[in-house]
There are 2 protein chains.
Amino acid sequence: MQIFHDEHLSIDWSAVRFDDVKLTLTRKEFELLAMLSQNEGETIPREVLLETVWGYRSGTRTRTLDVHVRRLRRKLGIYGEEYIQTIFGVGYRFARLRAPRPLVIPGPATYAIGA
Amino acid sequence: MQIFHDEHLSIDWSAVRFDDVKLTLTRKEFELLAMLSQNEGETIPREVLLETVWGYRSGTRTRTLDVHVRRLRRKLGIYGEEYIQTIFGVGYRFARLRAPRPLVIPGPATYAIGA
DNA sequence: TCCAGGTTGTAAAAATCTTGTAAAAGCCGT
DNA sequence: ACGGCTTTTACAAGATTTTTACAACCTGGA
């Protein structure tokens with residue numbers, strides 16, 4: 001069963017792939033991503049994430065969520081910050097990727113072909 | 001009847017061959033490989049493997065599965081880890097071999113081509 | 001039946017991976 | 001600029017897997 005899909009990212013219970021490259025997420029990373037992507041577009045408060053994914057009771061002082069968001073973003077590559085947005089003072093929000101993929105081909109060899 | 005096939009690996013009920021070389025697997029090794037490859041791409045939990053292949057009831061403390069995965073991987077040669085992937089804390093997943101063989105030749109020669 | 005060879009499971013140490021925390025650095029809104 | 005919140009990095013503890021070695025167990029043939 002699929003949790004979320006768009007042009008680049010595909011999230012299933014069996015696997016997560018970004019542009020046909022399989023991402024290996026840890027359990028917590030996956031649970032967090034699932035939680036966020038299942039509520040695409042909605043801002044989920046920190047407290048809610050900490051409670052649903054970690055089972056922490058409200059009031060627990062921890063930075064775990066932030067660190068996991070960080071690791072998740074890194075695995076999502078350059079679009080990490082696009083997919084997982086910070087809502088300052090509230091929580092995080094998962095969003096579908098807007099613009100297609102910018103195609104940039106640097107390097108001299110490229111020009112030689114076109115010339 | 002064939003269980004799984006790709007460019008390198010061929011798994012039938014009668015034989016398993018890797019690049020036209022017949023592999024001699026033991027019964028348990030074969031059952032494990034069959035179970036995994038029949039569900040290509042899906043992560044199969046340890047518990048499920050231990051129950052279906054070994055008939056163990058859930059909760060049995062054993063390392064047998066790990067050891068058999070080890071022996072299987074070894075027989076699959078350098079691609080052992082590619083075909084049989086570990087999903088930490090969950091189980092194992094059989095996957096089709098990705099890219100053929102990454103042939104990368106860095107260095108000055110590359111630039112000479114473009115020039 | 002007994003032996004030889006191969007198969008299977010276990011134990012234990014070594015290696016690896018995951019996860020949470022601490023602390024410094026950076027960012028945000030006022 | 002300030003206080004509060006988030007990001008980033010590094011580390012340590014705990015959990016899980018890998019690896020090796022060994023012993024028990026089959027099974028077929030002598």
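Given the structure is predicted, the values throughout are model-derived calculations rather than measurements. So you know, we letter chains A, B, ... as the sequences are listed, proteins then strands, and number each from 1.
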Residue pairs, two or more places apart or on separate chains, that pass side chain to side chain donor-acceptor pair (under 3.5 Å) and touch residues 34-47 of chain B: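 Listed once each, the pairs are Glu40(B)-Arg96(B), Arg46(B)-Asp66(B).
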Checking all strands, does Thr26(B) fall into the base, sugar-phosphate, or nothing category for heavy-atom contacts under 4.0 angstrom? sugar-phosphate
Using the salt bridge (Lys or Arg N to Asp or Glu O under 4.0 Å) rule, collect all pairs that involve residues 85-94 of chain A, keeping only residues at least two apart or in two chains.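 Sorted pair list comes back empty.
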Can you pull the salt bridge (Lys or Arg N to Asp or Glu O under 4.0 Å) pairs that have at least one residue in residues 24-36 of chain A, sequence neighbours excluded?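 The answer is Glu29(A)-Lys75(A).
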Whole angstrom value for the distance that separates P of dC25(D) from CZ of Arg27(B):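 Roughly 17 Å, once rounded to whole Å.
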Please state how far atom CD in Gln85(A) lies from atom C1' in dT6(D), giving the value in whole angstrom units.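 The answer, rounded to whole Å, is 15 Å.
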In 5'-to-3' order, the base (B), backbone-only (S) or no-contact (-) status of each nucleotide in nucleotides 17-22 of chain D, using a 4.0 angstrom heavy-atom cut-off, is BBSB--
If you link ILVMFWY side chains whenever their heavy atoms are less than 4.5 Å apart, which other residues fall into the same cluster as Val90(A)? By chain and number, please. Ile87(A)
Apply side chain to side chain contact (heavy atoms under 4.5 Å, CB included) to [X] and list each qualifying residue two or more places apart in sequence or on a separate chain.
| X | result |
| --- | --- |
| Thr52(B) | Met35(B), Val48(B) |
| Glu81(B) | Arg73(B) |
| Arg74(A) | Arg70(A), Arg71(A) |

ILVMFWY network linking Leu25(A) to Phe18(A), side-chain heavy atoms under 4.5 angstrom: yes
My understanding is that only residues two or more places apart in sequence, or in another chain, count here; which of them pass side-chain hydrogen bond (donor to acceptor under 3.5 Å, both in side chains) with Thr60(B)? none
In terms of the nearest nucleotide of DNA chain C, which residue is placed more toward the 5' end: Glu29(B) or Leu65(A)?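 First, find each residue's nearest nucleotide; the 5'-ward one identifies Glu29(B).
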Which residue lies more 5' along DNA chain C, comparing Thr62(B) with Thr24(B) via nearest heavy atoms: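 Result: Thr24(B).
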Hey, does the side chain of Asp19(B) reach the backbone of Val21(B) with a donor-acceptor pair shorter than 3.5 angstrom? no
With sequence neighbours excluded, tell me which residues meet ring-ring contact (aromatic ring centres under 6.0 Å, His included) with Tyr92(B).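 Counting only residues at least two positions away or on another chain, Tyr92(B) forms no ring-ring contact (aromatic ring centres under 6.0 Å, His included).
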Given axes from five pairs at either end, by how many degrees does the helix from dT1(C)-dA30(D) to dT30(C)-dA1(D) bend, rounded to 10°?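 The angle, to the nearest 10 degrees, is 30°.
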First-last contacting nucleotides on DNA chain C - partner chain B, under 4.0 angstrom, heavy atom: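 First and last nucleotides in contact are dT7(C) to dT18(C).
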